[in-house]
Visitor: 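If you scroll down you'll find the structure; I have some questions about it.
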Amino acid sequence: MELANIEQLLIKYENAETTLKEEALLKAYFLSDTVAPHLEEYQLIFAYFKVSNDETYTNKINFKTKTRNYTWLPVAASVALLVSMYLGSTKFEEYQERKAAAKTLAEVTKALKIVSSSLKKGHQAFNKLYVYEDSVHKIFKK
């Protein structure tokens with residue numbers, strides 16, 4: 001491969017403009033034994049890439065993951081459900097008592113209106129009696 005072509009590819013490589021084929025050409029050139037003396041520093045770079053590409057990690061990686069114990073979750077949900085049912089039932093009972101009291105109050109009010117109308121009739125009768133009594137007093141001038 002021509003030295004001028006390799007130098008142009010190196011310039012493109014340093015500017016991150018090379019394709020994979022061009023990088024393969026550079027890799028093949030620098031891994032060979034016929035490298036120009038002024039480009040030997042690049043030979044170290046490509047040799048490092050080859051060595052690091054061939055390395056594999058063989059040790060087993062132990063990830064310490066926390067296993068969360070969610071066995072208490074159904075118990076907590078059950079307790080929350082029971083508490084909400086208890087509070088809901090007491091509130092419902094209070095509501096029913098208020099509803100019954102309102103109904104009873106309405107019935108008492110209706111009964112008192114009936115009694116009141118009867119008392120008004122009696123009051124009107126007493127007024128007639130007072131009119132009669134006043135006229136008797138006028139006549140006899142007591």
Side-chain angles (χ1 to χ4, degrees), residues 1-33 35-36 38-142:
M1 182 168 286
E2 288 184 14
L3 188 59
N5 191 14
I6 293 295
E7 289 174 348
Q8 287 177 352
L9 286 177
L10 276 175
I11 292 171
K12 284 178 67 176
Y13 182 76
E14 289 173 352
N15 293 328
E17 298 173 348
T18 56
T19 63
L20 292 176
K21 288 182 182 181
E22 291 171 339
E23 287 182 19
L25 290 172
L26 285 173
K27 184 178 178 183
Y29 174 75
F30 284 108
L31 291 178
S32 70
D33 293 332
V35 177
H38 68 282
L39 298 176
E40 286 180 354
E41 59 192 31
Y42 292 104
Q43 189 176 16
L44 294 173
I45 294 172
F46 283 95
Y48 170 77
F49 290 154
K50 180 172 180 5
V51 170
S52 67
N53 197 22
D54 293 338
E55 286 180 357
T56 57
Y57 188 75
T58 57
N59 290 344
K60 183 178 179 184
I61 299 174
N62 291 327
F63 293 108
K64 292 183 180 179
T65 58
K66 289 184 178 180
T67 55
R68 299 190 186 237
N69 189 359
Y70 290 114
T71 55
W72 56 269
L73 193 60
V75 175
S78 300
V79 168
L81 181 65
L82 289 175
V83 167
S84 65
M85 286 178 59
Y86 172 74
L87 293 176
S89 68
T90 56
K91 292 291 183 183
F92 182 72
E93 288 173 3
E94 289 174 6
Y95 169 74
Q96 290 295 341
E97 288 174 3
R98 279 187 272 137
K99 191 175 173 183
K103 187 175 182 182
T104 304
L105 182 64
E107 290 174 358
V108 167
T109 305
K110 185 177 177 183
L112 286 176
K113 283 183 182 179
I114 292 171
V115 168
S116 173
S117 66
S118 297
L119 288 176
K120 284 182 184 177
K121 289 179 185 176
H123 190 287
Q124 290 171 352
F126 273 116
N127 283 340
K128 288 181 184 178
L129 182 63
Y130 287 132
V131 170
Y132 176 72
E133 186 177 340
D134 286 340
S135 47
V136 167
H137 281 278
K138 284 182 187 177
I139 294 174
F140 293 116
K141 289 191 181 182
K142 282 190 178 180

Visitor: Find the distance between CZ (F92) and CD (E97) and round it off to the nearest 0.5 Å.
Guide: 11.0 Å
Visitor: So do the side chains of Q8 and N5 get within less than 4.5 Å of each other, counting heavy atoms only?
Guide: yes
Visitor: Determine whether I6 and Y13 make a side-chain contact, defined as any pair of heavy atoms from C-beta on separated by less than 4.5 Å.
Guide: no
Visitor: Take the angle between the ring planes of F30 and F46 and call it parallel below 30°, perpendicular above 60°, tilted in between.
Guide: parallel
Visitor: How far apart are the closest heavy atoms of A36 and L3, and which atoms are they?
Guide: CB-CD1, 3.7 Å
Visitor: CG of L9 to OH of Y29: how many Å apart, nearest 0.5 Å?
Guide: 11.5 Å
Visitor: Do L44 and Y48 make a side-chain contact, defined as non-hydrogen atoms from C-beta onward lying under 4.5 Å apart?
Guide: no
Visitor: Side chains of T18 and L25: closer than 4.5 Å at any heavy-atom pair?
Guide: no
Visitor: Within a reach of under 6.0 Å around CG of L112, are more than 12 heavy atoms found that belong to other residues, nucleotides or ligands?
Guide: yes
Visitor: Applying salt bridge (charged side-chain N to carboxylate O under 4.0 Å, His left out) as the test, list every pair that has at least one member in residues 15-33; sequence neighbours left out.
Guide: K12-E22
Visitor: Hey, could you give me each pair passing salt bridge (charged side-chain N to carboxylate O under 4.0 Å, His left out) that has a residue in residues 41-51? Not counting sequence neighbours.
Guide: K50-D54
